[in-house]
Q: 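Once you've had a glance at the structure underneath, I'll fire off some questions.
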Amino acid sequence: MEIKKDWWKFLSIVLVLTAIIGGMLIPVPRLAILNETIRNLFYHVTMWFAMMILMTGSVFYSIKHLRSFDVMDDAKARISAEAGLVMGVLGLVTGSVWAKFTWGAYWVNDPKLNGAAVTILVYLAYMILRNSLPEERQRGRISAVYNIFAYVLLMVFLMILPRMTDSLHPGSGGNPAFSNYDLDDTMRIIFYPAIIGWTLFAAWFAQLKFRLFKLNYKLESDLFDLKQPS
Amino acid sequence: MHIHSVPIKIIALTFLILSTVSVFAQGDIEMADRMRSEGKIYVVVAVLSVVFLGLAVYLITLDRRISKMEKEKENQ
């Protein structure tokens with residue numbers, strides 16, 4: 001690893017470490033029901049932000065693939081979505097743990113929670129769709145188009161629908177999540193770096209996976225060349 | 001009929017702000033104050049940091065190994 005090229009990986013370590021140390025130590029507002037668990041903001045909410053940023057990256061590469069038909073762009077779209085899916089599942093599980101403490105149940109029938117669950121299913125369907133198409137070029141194009149739909153659904157289920165109905169979850173039912181009551185200024189100092197840190201950390205995993213894919217692809221095409229009679 | 005006059009708004013706003021301040025000041029909302037005052041929170045933070053740094057170092061070695069493979073592939 002070179003500092004010049006891979007500086008963002010070191011930045012991700014520093015920022016996540018900031019989230020761990022700062023998130024535990026800074027003073028937080030004393031709020032009823034939430035109590036000390038308000039610190040989960042640095043760990044649970046950041047998972048969703050990282051997921052959304054990775055899905056944005058995924059749809060970017062899907063559109064790029066539709067313009068270039070490059071196999072590598074398709075792989076980047078898939079791997080970004082995989083990393084985003086991991087973050088999303090972590091967000092769902094951590095949210096469930098937090099919900100048990102604050103709302104008394106691991107799952108409540110809430111538009112934000114159900115929307116998040118549907119979003120996860122939409123992206124699982126993306127993976128299933130990919131695996132069911134054996135032909136490389138066809139798989140690339142069809143799944144790229146589906147990925148654009150999936151991204152629209154993500155926006156609808158996570159950002160729009162929960163805001164149109166009443167919800168327990170902050171950021172829903174007309175309550176913005178970033179009002180002064182939910183998030184005070186000292187918490188922002190840790191919250192924003194934590195988002196960037198977790199996103200870059202997940203992107204690091206995605207980059208490693210992509211590089212392995214590329215190596216494997218080259219290896220396979222070499223074998224294919226060997227098999228061809230010259 | 002409407003009581004939305006400016007002074008009333010200001011008084012209401014002042015009251016709201018003051019009530020939030022008092023909520024912050026009073027200690028009847030349960031927090032992990034004792035754990036903090038005894039300094040035990042630093043033990044937890046230290047352990048979390050070590051675990052995360054360990055995983056990060058592991059990821060760096062994985063990254064290096066993949067870089068090595070890439071170089072070998074190019075030199076073929």
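No hydrogens, no waters, no symmetry mates; every other heavy atom, side chains included, goes into these values.
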Q: For a 4.5 angstrom cut-off between non-hydrogen side-chain atoms, does Glu36(A) reach Arg36(B)?
A: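 In contact.
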Q: If you count the non-hydrogen atoms of other residues, nucleotides and ligands that lie under 6.0 Å from CH2 in Trp7(A), is the total more than 12?
A: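 No - once you tally the heavy atoms of other residues, nucleotides and ligands closer than 6.0 Å, there are 12 at most.
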Q: Report which part of Lys9(A) has an atom under 4.5 Å of a heavy atom belonging to chain B: side chain, backbone, both, or neither.
A: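 Contact with chain B: side chain only.
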Q: How about Phe69(A): does its CZ atom have over 12 heavy atoms from other parts shown lying under 6.0 Å from it?
A: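 Yes - once you tally the heavy atoms of other residues, nucleotides and ligands closer than 6.0 Å, there are more than 12.
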Q: So, does Asn35(A) use its side chain to make a donor-acceptor pair with the main chain of Glu30(B) at under 3.5 Å?
A: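 It does hold such a pair.
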Q: Which residues in residues 58-66 of chain B have any heavy atom closer than 4.5 Å to a heavy atom of chain A?
A: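 Within residues 58-66 of chain B, near chain A: Leu59(B), Ile60(B), Leu62(B), Asp63(B), Arg64(B), Ile66(B).
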Q: Residues in side chain to side chain donor-acceptor pair (under 3.5 Å) with Asp70(A), at least two apart?
A: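 Testing Asp70(A) for side chain to side chain donor-acceptor pair (under 3.5 Å), a comparison that skips the adjacent residues, returns none.
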Q: If I take atom CD1 from residue Ile21(A) and atom CZ from residue Phe52(B), how far apart are they, to the nearest 0.5 angstrom?
A: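 Going from the CD1 atom of Ile21(A) to the CZ atom of Phe52(B) covers 10.0 Å.
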Q: Would you mind checking which part of Leu219(A) comes under 4.5 Å of any heavy atom in chain B, side chain (CB onward), backbone (N, CA, C, O), both or neither?
A: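 Both the backbone and the side chain of Leu219(A) come within 4.5 Å of chain B.
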Q: State the CD1-CG distance between Ile29(B) and Leu31(A), to the nearest 0.5 angstrom.
A: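 Here the interatomic distance stands at 6.5 Å.
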Q: Quick check on the structure: residues of residues 43-51 of chain B within a heavy-atom distance below 4.5 Å of chain A, by number.
A: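 When heavy atoms of chain A are the reference, residues 43-51 of chain B contributes Val45(B), Leu48(B), Ser49(B) within the under-4.5 Å range.
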Q: For Glu70(B) and Leu212(A), run side chain to side chain contact (heavy atoms under 4.5 Å, CB included): C-alpha distance rounded to whole Å, both residues' side-chain angles, the deciding distance at 0.1 Å, then the answer.
A: CA-CA 9 Å; Glu70(B) 283 168 341; Leu212(A) 278 177; over 6 Å; no
Q: Could you list which of residues 195-211 of chain A have a heavy atom closer than 4.5 Å to any heavy atom of chain B, in residue-number order?
A: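 So the qualifying residues are Phe201(A), Trp204(A), Phe205(A), Gln207(A), Leu208(A), Arg211(A).
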Q: Heavy-atom count around Leu223(A) CG within 6.0 Å, excluding the residue itself: above 12?
A: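 Correct, the count exceeds 12.
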Q: Heavy-atom count check: over 12 atoms from other residues, nucleotides or ligands less than 6.0 Å from Tyr42(B) OH?
A: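 Atom OH in Tyr42(B) is not crowded, with 12 or fewer foreign heavy atoms closer than 6.0 Å.
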Q: Taking all atoms of both residues into account, what is the closest heavy-atom pair of Lys73(B) and Leu215(A), and its distance?
A: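 Between these two residues, the closest heavy atoms are CB-CD2, 3.9 Å.
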